[in-house]
Amino acid sequence: MTTQPSATTSPVSPRAASLRGVVLGLATSPRAGLIGVLLVLAAILTAAAGTHPDRVTGLPVNNFLNVYTLIQMATDASGFAIMGVGATIVIISGGIDLSVGAIFALSEVAMALVLREAGPLPPGATLALGLGTCITVSLLCGLANGVMVIGLGVHPFIITLGMMWVLRGLAFVVSHAESILVPQALTHVAKASLGMGTALYPVPLLAMLAVTGAGSLYLTRTVPGRHIFAIGGNREAARYSGLSLDRIQLGVYVVSGLTAGIAAFLGAAFYGSATSSDANGYELYVIASAVVGGASLIGGKGSAVSAMLGALLIVTLRQAIRTLHLDQNYEWIIIGTAMIGAVVLDQGGSRLLARRMARRAVQTRSEGGSRD
């Protein structure tokens, strides 16, 4: 007997089914909320920014949606994003690092002092000595954080809060609160146009993408990365599984220090100077980037790519306030409100994904039972 199709069932074309799959996939993506907010903000700014004539072609160019503004925003976000990758790794493990801004300041001040004492050097030697100093100081700071968190058994919030003041104070003392210039060889590297023309400096953008990619691969494709999720998700289960909690915990603070050192090198090289007050308050932006990106403060959840998106969202909000000529006094209110909205949307997407996976599991079990 041939089964007739139901009269109430409308056929769905393969193209419509494919489009629906794409839409559902985007809607249930863990980063759907962040991407949606960024797209809406970009659309509003593009519509409201107006245009200006291009200096070369004379054609109208949007004041927001142009390559100069976008690369400048990426440059502004690069420091938050690079440090956000390290902060996300710490948060996934169940810890927190409030000292990243102070590590940034101490690393770049130490680099500037060493280069000043070293005197004129060839460009390659200047670059190697500056980067080596920055990385060494930041690694030692991260190592000190990890050793104290493990050895003293005190909550990381307290340890890194104390270290924030200690390291900031050290930067203030050794620099005598002066702004120290760094050699132009570093500025030439950080502001290399790479063939994109004048006033376009893509090096911080490329560094941000490289660090984010490396962090994402480390977390998702390596065994140590999976161990970090394991101890953040269930510490006791990880201990009974034979994982070395102390070694993993020490490693995450060293990585956090390393990312702060990379950001410090780029910052000092790009702007041409270093001072103890640099990156003051950055720790809040960095943690906000990680949390807006979906990192859970109780551990076990987070993403390097989402941390970068969180940093871009914060910078886009600041750009929106300037572009729309809003009162600067409302900056914190607007940023805080928008961040809450982004987190709510992101969590809504995660819940939608969970319900979808649950329905699929029920459907799979039902189909298996029917075949039996």
Side-chain angles (χ1 to χ4, degrees), residues 22-23 26 29 31-84 184 186-213 263 266-273 282 285 288-289 292-293 305-339 341-342 345:
V22 171
V23 173
L26 290 174
S29 166
R31 303 180 187 99
L34 272 175
I35 295 172
V37 171
L38 280 170
L39 291 177
V40 169
L41 270 176
I44 293 173
L45 289 174
T46 302
T51 60
H52 67 274
D54 185 85
R55 286 177 294 181
V56 178
T57 64
L59 297 174
V61 177
N62 191 276
N63 288 328
F64 170 75
L65 195 61
N66 64 79
V67 66
Y68 294 97
T69 301
L70 296 180
I71 288 186
Q72 181 57 48
M73 288 174 57
T75 300
D76 292 343
S78 60
F80 304 150
I82 290 172
M83 289 192 287
Q184 289 187 344
L186 300 185
T187 308
H188 291 160
V189 172
K191 288 191 170 181
S193 63
L194 303 181
M196 297 185 68
T198 57
L200 282 175
Y201 311 121
V203 172
L205 166 64
L206 297 176
M208 177 179 71
L209 295 176
V211 172
T212 302
L266 282 171
F270 190 86
Y271 294 106
S273 65
Y282 267 33
Y285 281 111
S289 299
V292 168
V305 175
S306 295
M308 183 188 71
L309 292 175
L312 289 174
L313 174 61
I314 291 174
V315 172
T316 305
L317 286 170
R318 294 168 62 179
Q319 180 67 31
I321 293 170
R322 289 193 290 267
T323 301
L324 300 177
H325 304 293
L326 301 177
D327 191 338
Q328 294 287 328
N329 294 323
Y330 292 95
E331 175 178 339
W332 294 107
I333 298 173
I334 295 171
I335 291 177
T337 304
M339 284 196 298
L345 286 173

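Just so you know, residue 1 is the first one in the sequence shown, and it goes up from there.
Residues forming a side chain to side chain contact (heavy atoms under 4.5 Å, CB included) with Ala192 (at least two apart in sequence, or on another chain): Leu194, Val203.
Contact check for Tyr271 versus Lys191: no side-chain heavy atoms found under the 4.5 Å cut-off. Ile44 has its side chain within reach of Val40: a pair of non-hydrogen atoms, C-beta onward, lies under 4.5 Å apart. Using a 4.5 Å heavy-atom threshold, the side chains of Thr316 and Met73 count as touching. The shortest distance between side-chain heavy atoms of Asn62 and Thr69 does not fall below 4.5 Å. Between Leu209 and Met308 there is a side-chain heavy-atom pair separated by less than 4.5 Å. Between Thr51 and Asn63, the closest side-chain pair of non-hydrogen atoms is not below 4.5 Å. Looking at Tyr68 and Leu200, their side chains come closer than 4.5 Å, going by heavy atoms from C-beta outward. In this structure, Val292 and Ile314 have side chains that are not in contact, with every pair of non-hydrogen atoms separated by 4.5 Å or more.
Residues Gly79 and Ala263 come closest through the heavy atom pair O-CB, 4.1 Å. The two atoms that bring Leu45 and Ala320 nearest to each other are CD2-CA, 3.4 Å, heavy atoms only. Listed here is the closest heavy atom pair of Tyr201 and Ile71: O-CG2, 3.8 Å. The two residues Pro204 and Ala190 make their nearest non-hydrogen contact at CD-O, 3.8 Å.
Note: Tyr285 and Phe80 have parallel aromatic rings, judged against thresholds of 30 and 60 degrees for the angle between ring planes.
Taken from CE in Met208 to OG1 in Thr75, the straight-line distance is 8.0 Å, to the nearest 0.5 Å. Rounding to the nearest 0.5 angstrom, the gap separating the CG atom in Leu41 from the CD atom in Gln319 is 11.0 Å. In this structure, the separation between OG on Ser289 and CD1 on Ile82 is 12.0 Å, given to the nearest 0.5 Å. Here OG of Ser78 is found 9.5 Å from CG of Leu312. Values are rounded to the nearest 0.5 Å.
A side-chain donor-acceptor contact under 3.5 Å links Thr187 to the backbone of Ala269.
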